[in-house]
Amino acid sequence: MRCLVVADLHYSLPQFDWLLSAAPQFDVVIFAGDALDIGSSVDFRAQIVVVKKYLALLSGLTRVILSLRPHPGDSLLWKS
């Protein structure tokens, strides 16, 4: 089984783009937190919308395991 483990993307959209391009080569992607950048000039609520879309695309490419660390805003990614 090929696993890709990523973390600390901090709303770096080029890194999310790379993740989407690399994901099909792996059986599972383990996302270990820090998807958002609370210090960014982009409002964290807007970041949540964008990151959710990336994660939806990612889950269509391979299996995804999410492990969120207790950072402000990260838990909001999983609320409906």
Side-chain angles (χ1 to χ4, degrees):
M1 176 178 275
R2 291 179 44 108
C3 300
L4 174 62
V5 180
V6 297
D8 299 313
L9 298 187
H10 295 288
Y11 198 66
S12 173
L13 300 184
Q15 290 181 355
F16 278 99
D17 290 337
W18 174 85
L19 180 57
L20 289 179
S21 69
Q25 301 170 39
F26 295 89
D27 300 306
V28 64
V29 170
I30 301 168
F31 195 104
D34 287 353
L36 306 178
D37 182 359
I38 301 302
S40 171
S41 61
V42 178
D43 185 85
F44 80 92
R45 290 166 291 212
Q47 292 181 45
I48 289 169
V49 170
V50 172
V51 170
K52 277 185 166 183
K53 289 183 181 189
Y54 271 102
L55 291 174
L57 291 170
L58 183 62
S59 68
L61 299 171
T62 190
R63 285 181 274 169
V64 178
I65 297 173
L66 301 169
S67 173
L68 299 177
R69 293 187 262 168
H71 290 291
D74 278 356
S75 64
L76 297 174
L77 286 170
W78 318 120
K79 292 186 180 181
S80 359

Within one Ile-Leu-Val-Met-Phe-Trp-Tyr cluster: [X] and [Y], side-chain cutoff 4.5 Å:
| X | Y | result |
| --- | --- | --- |
| F31 | V5 | no |
| I30 | L19 | no |
| V6 | L20 | yes |

Please list, one pair per line, the donor and acceptor atoms closer than 3.5 Å that link side chains of residues 54-65 to other protein atoms, with sequence neighbours excluded.
from: Y54; atom 1: OH; to: D17; atom 2: OD1; distance (Å): 2.6
from: S59; atom 1: OG; to: L55; atom 2: O; distance (Å): 3.4
from: S59; atom 1: OG; to: A56; atom 2: O; distance (Å): 2.9
from: T62; atom 1: OG1; to: F26; atom 2: O; distance (Å): 2.8
from: T62; atom 1: OG1; to: D27; atom 2: O; distance (Å): 3.0

- Task: Give the minimum heavy-atom separation between H10 and D37, together with the two atoms involved.
- Result: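 Closest approach of H10 to D37: O-CB, 3.3 Å.
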- May I ask you to test the V50-F16 pair for a side-chain heavy-atom distance under 4.5 Å?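 With C-beta onward as the side chain, the pair stays apart.
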Quick one: pull up [atom1] in [X] and [atom2] in [Y] and give me the separation to the nearest 0.5 Å.
| X | Y | atom1 | atom2 | result |
| --- | --- | --- | --- | --- |
| I38 | Y11 | CD1 | OH | 11.5 Å |
| L13 | W18 | CG | CH2 | 15.5 Å |
| L36 | S40 | CG | OG | 10.0 Å |

